[in-house]
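Count residues from 1 along the sequence. None of these values were measured; they are calculated from a predicted model.
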Amino acid sequence: MNVGDILDIHFKGDLGLLVGEDGKFMVSTNGGHWFKAGTPTIGSADLTACHIINDTSMLVGNFGGSLFRSTDQGSSWTSAGGSANNTIYRIKSNQQGYVLVTQSTNARYSNDFGRTTTAFGTAQNATNMFDVLPTASQMRFVRNENTEFRVFSLSFPILTNTSPVQISNFARTNEDLVDLKMATDQTGYILCRTSNEQFITYKTTNGGNSWTRQNGITSPIQLSRLGLKFQTFGAEQLAVGQYRWNQNTTEHNAVVTSNDGGATWQTTTVPLPTGVSNFHMRSVHFFDLQTWWMGFRNNRLILTGFGSGSNPSSVQPMGEKLEKLLVYPNPATHAVSLQLPDEPCTISLVDVQGRVCLQQQVTGGLQQLALDVTPGMYVLRAVGQKSGYVGQSRLVVR
């Protein structure tokens, strides 16, 4: 199924959802190793945002401002509200099922796992960014004033007469608010775009009561609310992905990651495949700092790669499978066995920093790999040298 431009991707566990143009979508139940086409379409407008709340509930929003909900992994969809002519940019939720929807001119919320949504009052406006605390029944939102950011708190369930409480404000110069993400109930980040198209983050460690400016990225990345993905993994790991271009130069795409809460950053440039034009990244979902799926224009490409400064090793067409690599035991200590196709293969073991720790050329079939590495989380990847086979699996080394 041709979904056109892939406008958003989201995973929760092995359940994945990607959305595109003209109401078209695809679902994966095995972590993105294969997507199946969704039918029928969800409305007729371009689907601009998607979000999986839990194993039974997922939401999508479109360019026209409509919101739809599925409780059967995308087999059927019902209306969940929305505001006409009000593009949906973001959908967020927490473990308790409280949902926030950011639109082009306002925001919506849900107290019932997205069954119904209600628009916020006039206290919120188009420049706000919202997030739900991961475990607590509260949210944070940031309002962009002329010379400062104001951070507010609001408690769930949200009632019609509920008033937000301002908890902090801080000055800034020539910075536009782009996104807010609470990594934990106490630690969170505000992502901003500067006047010269760079970006920086502000960090809180006390639930938003105070914020500290972190270091920025020196290379310019084109940031917009539509298509940008800003994710956190625990309190210190951050990832940002977006199409990047410089006027009158070759287009390219990149992600940037940080292991220290934004103090330092690493840039991963996505190489332009030979013979491919209009290679514009429109969406990305990070499983962690080293493994991510990226959606591009024209339905053609989903890319999986390794972050934190290491260039991805392959660009994969939508119509081909990324196989789940059979590895055992997992977790492992000194060695693992893996089943490969009967052809020469390259095996790579990549750590959470994106570094290739082991790499071997093997003949294929059943192989054993010695693990002379420190304990931790890795990605084990195998690439066939004849058939184009690509297999991948996460591996825990103890």
| task | For Gln266 and Val256, run side-chain contact (heavy atoms from CB on, under 4.5 Å): C-alpha distance rounded to whole Å, both residues' side-chain angles, the deciding distance at 0.1 Å, then the answer. | result | CA-CA 5 Å; Gln266 298 79 44; Val256 289; over 6 Å; no
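- Counting non-hydrogen atoms of neighbouring residues, nucleotides and ligands closer than 6.0 angstrom, the CG atom of Asn206 exceeds 12 such neighbours.
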| field | side-chain contact (heavy atoms from CB on, under 4.5 Å) evaluation trace for Gln359 with Thr346 | value | CA-CA 7 Å; Gln359 191 168 73; Thr346 301; 3.9 Å; yes
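- The two residues Met182 and Asp185 make their nearest non-hydrogen contact at CE-O, 3.9 Å.
- Sorted by first then second residue, the side-chain hydrogen bond (donor to acceptor under 3.5 Å, both in side chains) pairs that include residues 367-377, not counting sequence neighbours, are Thr363-Gln367, Thr374-Tyr378.
- Here the closest heavy-atom approach between residue Leu325 and residue Gln339 is recorded as CD1-O, 3.9 Å.
- If you take CG on Leu338 and CG on Leu366, they are separated by 7.5 Å, rounding to the nearest 0.5 Å.
- Atoms CZ and CD1, on Arg150 and Ile167 in that order, are 13.0 Å from each other to the nearest 0.5 Å.
- Side-chain N or O atoms of Asp5 include none that pairs as donor or acceptor with a backbone N or O of Leu7 at under 3.5 Å.
- Between Ala49 and Asp8, the shortest heavy-atom distance links the atoms CA-OD2, 3.3 Å.
- A donor-acceptor pair is defined here as one N or O able to donate and one able to accept, closer than 3.5 Å; such a pair exists between the side chain of Trp265 and the backbone of Asn215.
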| task | Could you check Leu340 against Val362 for side-chain contact (heavy atoms from CB on, under 4.5 Å), going step by step and ending with a plain yes or no? | result | CA-CA 9 Å; Leu340 302 172; Val362 298; 3.6 Å; yes
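- By the 4.5 Å heavy-atom criterion applied to side chains, Met58 and Leu15 are counted as neighbours.
- With respect to Asp179 and Lys92, a salt bridge is recorded, a charged nitrogen being found less than 4.0 Å from a carboxylate O.
- Within the 4.5 Å cutoff, the side chain of Phe120 has heavy atoms near those of the Phe130 side chain.
- A ring-centre distance under 6.0 Å is not found for Trp211 and Tyr189.
- Looking at Leu238 and Thr257, their side chains never come closer than 4.5 Å, going by heavy atoms from C-beta outward.
- Note: Asn128 CG to Leu180 CG = 10.5 Å, rounded to the nearest 0.5 Å.
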| query | Stepwise, does the side-chain contact (heavy atoms from CB on, under 4.5 Å) test hold for Leu177 with Ile190? | reply | CA-CA 8 Å; Leu177 177 64; Ile190 294 173; 3.4 Å; yes
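- Residue Ala183 comes nearest to Pro134 through the heavy atom pair O-CG, 3.7 Å, listed as atom of the first residue, atom of the second, then distance.
- Although no hydrogens or angles enter the test, the distance criterion places no donor-acceptor pair under 3.5 Å between the side chain of Thr105 and the main chain of Asn86.
- At least one donor-acceptor pair closer than 3.5 Å links the side chain of Ser110 to the backbone N or O of Thr116.
- Contact check on Glu148 versus Arg143 returns no salt bridge, with no Lys/Arg side-chain nitrogen under 4.0 Å from an Asp/Glu carboxylate oxygen.
- Inter-residue side-chain proximity for Phe156 and Asn111 is flagged as met; some heavy-atom pair is nearer than 4.5 Å.
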Extract all donor-acceptor atom pairs below 3.5 Å that involve side chains of residues 61-70 and protein atoms in other chains or at least two apart in sequence.
unit_1 : atom_1 : unit_2 : atom_2 : d
Asn62  : OD1    : Gly64  : N      : 3.0
Asn62  : OD1    : Gly65  : N      : 2.9
Asn62  : OD1    : Ser66  : N      : 2.8
Arg69  : NE     : Phe113 : O      : 3.2
Arg69  : NH2    : Ser57  : OG     : 3.1
Ser70  : OG     : Asp72  : N      : 3.3
Ser70  : OG     : Asp72  : OD1    : 2.8
Ser70  : OG     : Gly74  : N      : 2.9
Ser70  : OG     : Ser76  : O      : 2.9

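- In this structure a side-chain-to-backbone donor-acceptor pair under 3.5 Å is present from Asn330 to Arg394.
- Within the 4.5 Å cutoff, the side chain of Val3 has heavy atoms near those of the Met26 side chain.
- Donor-acceptor pairing under 3.5 Å is lacking for the side chains of Gln73 and Thr29.
- Remark: the Arg90 side chain and the Thr102 side chain contain no N/O donor-acceptor pair separated by less than 3.5 Å.
- Leu326 and Leu395 are assigned to two separate hydrophobic clusters, defined by single-linkage of ILVMFWY side chains at heavy-atom distances under 4.5 Å.
- Taking the side chain as every heavy atom from C-beta outward, Leu17 and Val60 approach each other to under 4.5 Å.
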| request: Would you check, one step at a time, whether the test side-chain hydrogen bond (donor to acceptor under 3.5 Å, both in side chains) holds for Arg108 with Thr118? | output: CA-CA 5 Å; Arg108 305 183 70 84; Thr118 304; 5.6 Å; no
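- Of all non-hydrogen atoms in Gly384 and Cys345, the two that sit nearest each other are CA-SG, 3.9 Å.
- Interatomic distance, Met129 CE to Cys192 SG, rounded to the nearest 0.5 Å: 10.5 Å.
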| message | If you apply the rule side-chain hydrogen bond (donor to acceptor under 3.5 Å, both in side chains), what do you find for Gln214 with Thr201, and how did you get there? | response | CA-CA 5 Å; Gln214 306 298 101; Thr201 55; 5.5 Å; no
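- The residue from Thr41, Ile88, Ile42 that alone fulfils the side chain to side chain contact (heavy atoms under 4.5 Å, CB included) condition with Leu47 is Ile42.
- Crowding of Asp55 atom CG: a count of heavy atoms from other residues, nucleotides or ligands under 6.0 Å not exceeding 12.
- Under the 30°/60° scheme for interplanar angles, the aromatic rings of Phe170 and Tyr202 are found to be tilted.
- Rounding to the nearest 0.5 angstrom, the gap separating the SG atom in Cys50 from the CG atom in Leu59 is 10.0 Å.
- A 4.5 Å side-chain heavy-atom check between Ile347 and Leu380 finds at least one atom pair inside the cut-off.
- Proximity of Asn94 to Thr135: side-chain heavy atoms (C-beta onward) are nowhere separated by under 4.5 Å.
- Within the 3.5 Å criterion, the main-chain N or O of Gly207 finds a donor-acceptor partner in the side chain of Gln186.
- Atom CZ of Phe286 is separated from atom OG1 of Thr232 by 11.5 Å, given to the nearest 0.5 angstrom.
- Between the side chain of Ser168 and the backbone N or O of Gly208 there is at least one donor-acceptor pair closer than 3.5 Å.
- The shortest non-hydrogen separation linking Ala119 to Asn106 is CB-ND2, 4.1 Å.
- A cation-pi arrangement is present between Arg172 and Phe149, with the terminal nitrogen or guanidinium carbon under 6.0 Å from the aromatic centre and inside a 45° cone about the axis.
- Side chain of Arg140 to main chain of Asp131: no donor-acceptor pair is present (N/O by atom type, distance under 3.5 Å, no hydrogens or angles).
- His285 contributes no side-chain N or O that, together with a main-chain N or O of His10, makes up a donor-acceptor pair within less than 3.5 Å.
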